[in-house]
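Just the heavy atoms: all of them, side chains too, but no hydrogens, waters or symmetry mates, feed the values below.
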Amino acid sequence: MLAEVLIFVPSIARFRVDYLQLRLEKAQIASLALLAGDGMVTPELEAELLANAGVFNVVLRRDEVRQLVLSSEIPEPISATYDLRMDGPFDLIREAMAVLVDPQERIIRVIGNPVQQAGLLIEITLRQGPMRLEMLEYGLRILVLSALISVITAALLFFAVRRLLVLPIRRVVRNMQAYAGAPEDARLVFTPTARVAELRDAEEALQQMQTELIGALRQKERLAQLGGAVAKIAHDLRNILTSAQLFADRIEQSPDPGVARAVPKLVGSISRAVNLCESTLAFGKAEEHPPRLARFALRPMLEDVAEGEGLSPTTEPACLIDAAPGLVIRADAEQVQRVLSNLVRNARQALDATGRAGTIELSAGEDEQDWWIRVGDTGPGLPPKAREHLFQAFQGSVRKGGMGLGLAISAELVRGHGGRLELLRSDEEGTEFIIRLPKLGAEGDAGLAG
């Protein structure tokens, strides 16, 4: 519509000027014919000249003399005078619009310059109605032509949009529908073909998403199969360990003092192994039991974890414990011990892999909101790939043959307490993890205990 206005308005104003200029030229030719005849033109011929020019009278000024060359009776007074010599573009547009909206028959006077410099000015009087009718016809032709151009443009735009946008989008939709029916089929991965940059970006994003989803589905299928095998192994191993636990209970009754001292540790190790098998079965079902909160002293547990891994201040690697003897926390002792055992075992394996001396440090403390436990080592640090998937099952392992389950299970157990397991640092100077367990109020403790 804006383009139509910008085309139509100047065009109709130009048509009006051309119309009046043509009348001025015809009137000038008729005047010159009359002047050439030295007044020998009959009244009938004069009327014919005026009718041919479409005017009532003609005034020609030559040599500073204003002369009425052709004249006839004017049916009504002159209502407006237009001087084409003085009007600018906006004046011409305004006057043309005024003619279009004025349906009354008016007599107007028009002043202009003669052609070929045949005088100083020429002035004519004519009816406005015929000019208005021709302007309307011309405007209608302009509108029809503009409408035709608009139709052609719309058709071209329609086919361009259909070709460049609609058809590629339909292709994407069909691919998504087919892919939804068989998301494991790699043959259905979309191939980008769009020429529009934004649509091609969307197609490439769809291709990447489908590729990653296929990989994820295959991984989940393999993990499901692996989970089934692990569940069977854990079930059978739990039965074997239960039998071993019964024999350990009988050995505990031995009168030998050495055996009596070793049996409790053996029973504790077997019990933890049984619990680990049960936890593995629960992890496969995503049913880790909620923490059973109880208060216990933390330092003996740290010492027990270190001893269970065969570590002490004098071993290689050495294990240093920095925790107040009176530090008591409220948590699930079994789950906390599992988390600490995983972290300490990973640290010892990292140090053993280097083949050089190192140190594992266990420290603990508390602040106003949390209890915290740090597990650090002086090992080689974690590779970048392991840090990206550190707490994801089957992806965060850095040890050859490792499953990547230890940290994933540990993080889940700590989250079950409302806390968090974080990697503080990992560089060439070593790796350090921190466990934060919140100090809940009485109401929160009761809720967790339930």
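- Because its NZ or CZ atom is not both nearer than 6.0 Å to the ring centre of Tyr138 and within 45° of the ring axis, Arg16 does not count as a cation-pi partner of that residue.
- Thr153 places a side-chain N or O within donor-acceptor distance of the main-chain N or O of Ile149, the cut-off being under 3.5 Å.
- Applying the 6.0 Å contact sphere to CE of Met209 captures more than 12 heavy atoms from other residues, nucleotides or ligands.
- When all heavy atoms of Leu164 and Leu199 are compared, the closest pair comes out as O-CD2, 3.7 Å.
- The closest side-chain heavy-atom distance from Leu423 to Leu382 is below 4.5 Å.
- Ile12 has its side chain out of reach of Ile142: every pair of non-hydrogen atoms, C-beta onward, lies at least 4.5 Å apart.
- Side chain of Arg106 to main chain of Gln128: no donor-acceptor pair is present (N/O by atom type, distance under 3.5 Å, no hydrogens or angles).
- Of the possible donor and acceptor atoms, one in the side chain of Arg132 sits under 3.5 Å from a partner among the backbone N and O of Val99.
- With rounding to the nearest 0.5 angstrom, the OG1 atom of Thr431 is 9.0 Å from the CG atom of Leu351.
- To the nearest 0.5 Å, atom CZ of residue Phe433 and atom CG of residue Leu421 are 6.5 Å apart.
- Side-chain atoms of Asn175 come within 3.5 Å of backbone N or O of Leu188 as a donor-acceptor pair.
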Stepwise salt bridge (Lys or Arg N to Asp or Glu O under 4.0 Å) check, Glu123 with Arg109: CA-CA 7 Å; Glu123 177 183 318; Arg109 178 188 291 118; 2.9 Å; yes
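- A heavy-atom distance below 4.5 Å is not found between the side chains of Pro317 and Asp377.
- The two residues His417 and Leu413 have their closest heavy-atom pair at ND1-O, 3.0 Å.
- Crowding of Phe296 atom CZ: a count of heavy atoms from other residues, nucleotides or ligands under 6.0 Å exceeding 12.
- At a threshold of 4.5 Å between non-hydrogen side-chain atoms, the residues Glu105 and Arg127 count as touching.
- Under a cutoff of 6.0 Å and an axis angle of 45°, Arg163 and Phe159 do not form a cation-pi pair.
- The closest side-chain heavy-atom distance from Val110 to Leu84 is below 4.5 Å.
- In this structure, the side chain of Glu203 engages the main chain of Thr193 through a donor-acceptor pair within 3.5 Å.
- Other residues, nucleotides and ligands place more than 12 heavy atoms under 6.0 Å from the CZ atom of Arg85.
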Derivation of the side-chain contact (heavy atoms from CB on, under 4.5 Å) call for Gln337 and Val305: CA-CA 7 Å; Gln337 184 162 1; Val305 169; 3.9 Å; yes
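- Of the possible donor and acceptor atoms, none in the side chain of Lys439 sits under 3.5 Å from a partner among the backbone N and O of Arg330.
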Gln335 and Ile409: CA distance, side-chain angles, deciding distance, side-chain contact (heavy atoms from CB on, under 4.5 Å) verdict: CA-CA 10 Å; Gln335 292 185 357; Ile409 296 175; over 6 Å; no
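- Among all heavy-atom pairs drawn from Leu302 and Ala364, the shortest one is CD1-CB, 4.4 Å.
- Interatomic distance, Met176 CE to Leu206 CG, rounded to the nearest 0.5 Å: 6.0 Å.
- The shortest side-chain heavy-atom distance between Asp87 and Val17 does not fall under the 4.5 Å cut-off.
- Closest non-hydrogen pair, Pro438 versus Asp370, comes out as CA-OD1, 3.3 Å.
- Between Arg338 and Asp332, the closest side-chain pair of non-hydrogen atoms is not below 4.5 Å.
- When side chains are defined from C-beta on, Ile435 counts as touching Leu340, because their heavy atoms get closer than 4.5 Å.
- The shortest non-hydrogen separation linking Leu92 to Ala13 is O-CB, 3.9 Å.
- Remark: Glu412 CD to Leu407 CG distance equals 13.0 Å, nearest 0.5 Å.
- A side-chain donor-acceptor contact under 3.5 Å links Thr378 to the backbone of Thr359.
- With hydrogens and angles ignored, the 3.5 Å screen pairs a side-chain donor or acceptor of Gln210 with a backbone N or O of Phe190.
- Between the side chain of Ser79 and the main chain of Ile107, a donor-acceptor pair closer than 3.5 Å is present.
- Residues Ala333 and Met301 come closest through the heavy atom pair O-CE, 3.2 Å.
- With rounding to the nearest 0.5 angstrom, the CG atom of Leu293 is 9.5 Å from the CG atom of Leu437.
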Chi angles and distances behind the side-chain contact (heavy atoms from CB on, under 4.5 Å) call for Arg162, Arg170: CA-CA 10 Å; Arg162 179 179 175 83; Arg170 286 184 178 177; 3.7 Å; yes
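- To the nearest 0.5 Å, the span separating CZ on Arg23 from CD1 on Ile122 amounts to 13.0 Å.
- Within the 3.5 Å criterion, the main-chain N or O of Leu343 finds no donor-acceptor partner in the side chain of Asn346.
- Annotation: Glu76, atom CD; neighbour count of heavy atoms from other residues, nucleotides and ligands within 6.0 Å is above 12.
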